[in-house]
Amino acid sequence: MSHDYKAVQWTPFKKQFDRWMLAGIALYLISFVGVSAVMQPAGESFTPIQILIRAMGTLAFLLLTFILCIGPLARLTDRFKPFLYNRRHLGVATFLVALIHAGLVILWYHGFGDLNPLVSIFVSNPEYTSLNGFPFEVLGFVALIILFLMAATSHDFWNANLGPGLWKALHMGVYLAYGLLVAHVALGALQFEKDPLYVILLGTGAGTVCLLHITTAIGGVHKVNPASLNGWLKVADLSDMQDGRAKIIRPKQGEAIAVFRDGDKISAVSNVCRHQGGPLGEGKIVDGCITCPWHGFQYRMEDGCSPDPFTEKIATYATHIVHGIVYVDPAPNTPGTYQDPTVITHNNA
Amino acid sequence: MSIETAGYLVTGLGLYAALGLVVALIYMFGGAGRIDPAAKGKGMPLRARLLIMPGVIGLWPVMVAKLFTQKEPPVS
Ligand code: FES
């Protein structure tokens, strides 16, 4: 038996997270509409629907920017881990905000002519060779389709049934969507918007995303553990291995490895949870089992199998201790293979 | 893009979505359990089945193929 599917895997934290997220979205929209209504430049009068279009558009951009920053930020500091674990709801919220933005645009700018409003999106700005006549709405439309596919396949069912490769490839589409979104704003709103705030917003947002990714990519290269003993990778000094917790090792090839200490035993398993790829090494040992920090799937330390009646299996790895230093063999055993834990003794500690 | 081409494109997208809806209904009533034993019967309540419908509409060609080729989820 594997785990049942629920509509949403609620946890108390997740509910609280969603409440904060919705409050933040509401606060942003109210502030944006309020400030825009009060500070309208003389001679211009935007209708409430136009202000709402901008509010939703900027919010979708900011949300997506934030989502893309979460991964690198979580690698730099643990404070962003809660966001990392709850990114899915943020992603769905971003899609819905973008959808409302698109709906209002279609209604307001394309809904009153003779043409089908959807057809009108594709033909209203036909100059692909000019900057200020570029069909920027088409870029936004394609980005919206990508966000839709990602939101629509964010349920566990998809992660399991598309297979990790296809699911991941699909969800990497977020970078394409972000690029399209940046172009959509640069070739659209920025061409007629006089307020420099929009340029600053776009530049800062896109710049931050790029910078954070470059920084963590460079940092990540140094994280590969160079110390090894006959091909075994150094994990840590035994004294640094906290009871019930793990150290994560990233070999040059293959999956990251989580090396756990449970009392006087050391065992290593794949760092990737079978449920949704959660980082097992950031979880802890509960009731003798490694417990995933994302949704609580459990695995036995010594064979990587979920306890009965569940059937998930992850790879195990051989470990050993020499002069108080823990090493792991980077070659994985087949998922579910029993591997003797290394026992800490006076001789090896 | 000419109005005619845009018209074809929008009609094409509409047709794609309509066919997707048919496949999504198949998934709703048994298809999900056919490719994934964990989604059989009570393993996947109605609300969860409704949640996967938009995804099936979006990816229906892949999901039709899976109906014939997949008996359980691929293992990583
Ligand atoms: S990713 Fe969901 S429990 Fe591990």
Side-chain angles (χ1 to χ4, degrees), chain A residues 1-9 92 95 114-128 135 138 141 145-146 148-168 170 255 270 272-277 310-315 334-336, chain B residues 1-17 20-21 23-24 27-28 30-76:
Chain A
M1 174 179 155
S2 53
H3 292 75
D4 287 354
Y5 291 112
K6 301 203 170 58
V8 180
Q9 301 249 5
V92 174
F95 163 68
D114 295 334
L115 268 183
N116 174 328
L118 282 177
V119 172
S120 165
I121 289 182
F122 290 99
V123 296
S124 56
N125 275 343
E127 295 170 49
Y128 282 83
V138 177
F141 181 80
I145 299 259
I146 297 174
F148 162 72
L149 286 175
M150 290 177 50
T153 56
S154 59
H155 190 268
D156 290 358
F157 174 84
W158 294 101
N159 193 275
N161 284 288
L162 285 181
L166 182 54
W167 191 85
K168 188 157 189 204
L170 188 67
E255 273 171 4
S270 158
V272 184
C273 177
R274 280 287 291 124
H275 178 220
Q276 277 197 346
F310 302 110
T311 53
E312 281 76 12
K313 289 180 186 140
I314 50 174
T334 316
Chain B
M1 189 182 291
S2 72
I3 292 183
E4 203 184 16
T5 317
Y8 285 134
L9 190 71
V10 171
T11 313
L13 281 175
L15 273 176
Y16 182 91
L21 185 63
V23 181
Y27 264 84
M28 175 100 182
R34 192 184 153 100
I35 67 160
D36 182 348
K40 272 205 177 94
K42 288 210 181 88
M44 194 168 191
L46 187 70
R47 269 193 299 173
R49 279 165 207 254
L50 279 171
L51 271 187
I52 65 158
M53 281 185 76
V56 181
I57 295 174
L59 296 176
W60 69 261
V62 180
M63 300 317 284
V64 166
K66 281 191 183 286
L67 274 180
F68 295 104
T69 55
Q70 185 172 306
K71 294 271 172 284
E72 55 184 46
V75 177
S76 58

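Note: hydrogens, waters and symmetry copies are ignored here, and every other heavy atom, side chains too, is used. Since this is a predicted model, take the numbers as computed values, not measurements. By convention in this document, chain letters (A, B, ...) are assigned in the order of the sequence lines, proteins followed by strands, and residues within each chain are numbered from 1.
At a 4.5 Å heavy-atom cutoff, the contact between A:L170 and chain B is made by side-chain atoms alone. If you measure heavy-atom distances from B:M63 to chain A, the contacts under 4.5 Å come from the side chain alone. For chain B, the nearby parts of A:L162 are the backbone and the side chain; heavy atoms of each come within less than 4.5 Å. Using a 4.5 Å cut-off between heavy atoms, A:N116 contacts chain B through its side chain alone, with no backbone atom that close. If you measure heavy-atom distances from A:L118 to chain B, the contacts under 4.5 Å come from both the backbone and the side chain.
Applying the side chain to side chain donor-acceptor pair (under 3.5 Å) test to every pair with at least one member in residues 4-17 of chain B, sequence neighbours left out, gives these pairs: B:S2-B:T5. Pairs of residues two or more places apart, or lying in two chains, that qualify as side chain to side chain donor-acceptor pair (under 3.5 Å) and include a residue from residues 41-68 of chain B are B:K66-B:Q70.
Here the CG atom belonging to B:L9 is positioned 5.0 Å from the CZ atom belonging to A:F122, to the nearest 0.5 angstrom. Taking CZ of A:F148 as the reference point, atom CD1 of B:I57 lies at 6.5 Å (rounded to 0.5 Å). Note: A:H155 NE2 to B:L50 CG = 11.0 Å, rounded to the nearest 0.5 Å.
Summarising the geometry of A:V119 relative to B:A6, their closest heavy-atom pair is CG1-CB, 3.7 Å, with the distance given to 0.1 Å. Counting all heavy atoms, side chain and backbone alike, A:W158 lies closest to B:L59 at CZ3-CD1, 4.2 Å. For the pair A:A160 and B:P74, the tightest heavy-atom approach, listed with the atom from each and the gap, is O-CD, 3.4 Å.
Within a 6.0 Å radius of NZ in B:K40, other residues, nucleotides and ligands contribute more than 12 heavy atoms.
The closest side-chain heavy-atom distance from A:Y5 to B:I52 is not below 4.5 Å. Between B:V56 and A:F157 there is no side-chain heavy-atom pair separated by less than 4.5 Å.
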